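Each remark here refers to the structure printed beneath this line.
The model shown is predicted, which means the values in this text are computed figures rather than measured ones. The chains referred to below are lettered A, B, ... by the order of the sequence lines, with proteins before strands, and numbering in each begins at 1.
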Amino acid sequence: MRSSVSRLAVRPVLLGIFSTLILSACASVVPDMTPFAEQTARMRSGVTNGYTETQTLLLHTDLASESVAGLDRAWRQTRTTLNALVGYSQALADLARTGAQGGEAAARMTDALTSVTSTLDVPGIPANIASAIGALNDYIARVRTRAKLEDILTSAQPAVDTIASIVAQNLAALEGVNELAAGAVRIAFEQESETVTDYYEGLQEEDRRILKVLTIFLERAAARDSNDGAAAEARLDELLGADPVLEERVIRLQIADPDTWGDHLEPLLEERQGFLRDRSVGLQAEARRYQPAYDAYQARRAEIEGLRVNGGEILRKSAGAVRAWARAHRKLLTSLEQEWSFVHLVEFTTAVQEVYDAYKGE
Amino acid sequence: MPESRFSALITVEDWAGELGTILGEVDEAVQSGEIRERLGAQELLSDYIKASPSAAEALDKIAARASLDLLQAQVDDVIAAIAARNSELKAATTLIRQSAAEAKSSKKALQFEKVLDTLKTARAGIEAFKKLGDAAADEDAELTERLTAIAKAIADFEKLVAKLSGESGSRTRGTRSRPKKAKPKKAKPKKTKPKSG
């Protein structure tokens, strides 16, 4: 006795149809959506990081904690939406993968049927029939998957566009918060560190001024050594202009002794040069003492600036990624609506690549 | 050093007057709702704090507080804006979830899960049937039973394939809601008439 399944074995016409279907399977390509799903997850991470950076800055300000909590409550829906997008893209990728493996599903089915018949000590499904079923199912699965994907993407596209627009707006809004929060943190920190920074910067500034005067002293000495009287005179004028204290003392000397003041000039200059040299050494020692505190201030300031720049950058990149993601979704839909071709495959892949590119260098 | 708007300020009173002017600009920036204006006002406050003498420390604190007010205004506006968009976002998210559910359901259909499950059940049933047949004394009767079982198993398989083709081939739109579970009916308390008399 022959089962209805085994009777198929003697129908070459059906096998011919299967072969035709296999040959035409190139018109039923199911796109690989795994990269799309991967980039959706990456987009979620990017958006989440952008929000976290802003939140971190806010927590460093003296802003009321209920405001930070209020922002978190408002943001919750965005977070939920991004999770849903990841779930959606994974479901699409799973469906596409399963559709592309229709032959395997058929193989499992024929195996199961064989196991039923073997239980009853009768032959299972003949190998050629099993293979034919596999080929047929492979084709059917691909065609149905494409149709189903098209259906799902068509229904989802308006929601995708809405989500992309809203999430991008939310990210742009956060960018402003990020900038102002960084500014508030910087201002508060600068105020807090003002005593140390003003003192340190004051030491440095005075030392720079003294070193400039000492340099003119050396240049004047060199001019005198080379008997260049005019140059030495010019350096003296420069010296008096650069050191008001010295200028005042020279004027007093001239007033006190108008005839022989020149005899007392060199000792006065030597004394002043020695004083300034000692002062410079003292200033530098004091500056070194405050150097660690000043370095810590600079490092913290750079850190705040880094938070501002990174936060802004990741928020901008994420807004771009969200828009690129919606474009990739539309490209995929367009590809499915038309007959799949290499050009469409490239367009879809390029659109997915844009989501990836948005975070390039992260 | 280039001339700044603070170059002419000398006394603490001068600095206080200047801060009053800046706070007016901060207020305008808060009212404008424009991020650029708010950032500009904050930068002005920052410059003021840097340029002011240490004698004006109390004024610096007021300036720093004003910077926080700018941030507060921005956060309040952003919370309101995001919250206003949330209902639309929620509705779109529901659609996305429905689409994901449909994709999952289609995937299951493609995997012939239902067929596989049914075949497993059929196999168990046939095994039980066979054992019964083995125990029977009459061999002809046993053979008949086996053949009946085979025929049934294959008929079931065909039905399932046909059913599956119908399920995964359907492309109806707008029917994505999950079938509602039947709510268990509450047993109504029996009304008992008070016995008269």
Side chain, backbone, both or neither: which part of [X] has a non-hydrogen atom closer than 4.5 Å to chain B?
X         : answer
Leu58(A)  : side chain
Thr78(A)  : both
Arg186(A) : side chain
Ser165(A) : neither
Gln191(A) : side chain
Ala188(A) : neither

Once rounded to the nearest 0.5 Å, what's the spacing between atom [atom1] of [X] and atom [atom2] of [Y]?
X         : Y         : atom1 : atom2 : result
Glu194(A) : Lys50(B)  : CD    : NZ    : 11.0 Å
Lys107(B) : Lys148(A) : NZ    : NZ    : 15.5 Å
Ile152(A) : Gln98(B)  : CD1   : CD    : 12.0 Å
Leu95(B)  : Tyr88(A)  : CG    : OH    : 10.5 Å
Ser105(B) : Leu95(A)  : OG    : CG    : 9.5 Å
Thr61(A)  : Leu68(B)  : OG1   : CG    : 5.5 Å

If you measure only the distance, is there a donor-acceptor pair under 3.5 Å linking the side chains of Ser99(B) and Ser155(A)?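 Distance-only check fails for Ser99(B) and Ser155(A).
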Do Thr162(A) and Glu88(B) get their side chains close enough for a donor-acceptor pair, meaning under 3.5 Å?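 Side-chain D/A pair, Thr162(A) to Glu88(B): absent.
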[atom1] ([X]) with more than 12 external heavy atoms under 6.0 Å:
X         : atom1 : answer
Arg79(A)  : CZ    : yes
Glu57(B)  : CD    : no
Glu205(A) : CD    : no

At a heavy-atom distance under 4.5 Å, which candidate from Leu71(A), Asn170(A), Val177(A) has the highest pair count against chain B?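 Top count of heavy-atom pairs under 4.5 Å with chain B: Asn170(A).
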Taking the side chain as every heavy atom from C-beta outward, state whether [X] and [Y] have any atom pair closer than 4.5 Å.
X         : Y         : value
Glu190(A) : Ser46(B)  : yes
Thr80(A)  : Leu89(B)  : no
Ile35(B)  : Glu175(A) : no

Against chain A, label [X] side chain, backbone, both or neither, depending on which of its atoms sit under 4.5 Å from a heavy atom there.
X        : answer
Arg97(B) : side chain
Asp76(B) : side chain
Lys61(B) : both
Ala81(B) : neither

Please name the pair of heavy atoms, one in [X] and one in [Y], separated by the smallest distance, quoted to 0.1 Å.
X        : Y         : answer
Gln72(B) : Ser67(A)  : NE2-OG, 2.7 Å
Ala84(A) : Ile96(B)  : O-CG2, 3.7 Å
Leu71(B) : Ala181(A) : CD1-N, 3.5 Å
Ala91(A) : Ala100(B) : CB-O, 3.6 Å

For the side chain of Gln77(A) and the backbone of Asn86(B), is there at least one donor-acceptor N/O pair under 3.5 Å apart?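 Not confirmed, Gln77(A) side chain does not pair with Asn86(B) backbone.
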Between Lys90(B), Gln74(B), Arg85(B), which has the largest tally of heavy atom pairs under 4.5 Å with chain A?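 Heavy-atom pair counts peak at Arg85(B).
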Applying side chain to side chain contact (heavy atoms under 4.5 Å, CB included), run through Ile187(A) and Gln42(B) and close with a yes or a no. CA-CA 9 Å; Ile187(A) 287 173; Gln42(B) 192 184 53; 4.0 Å; yes
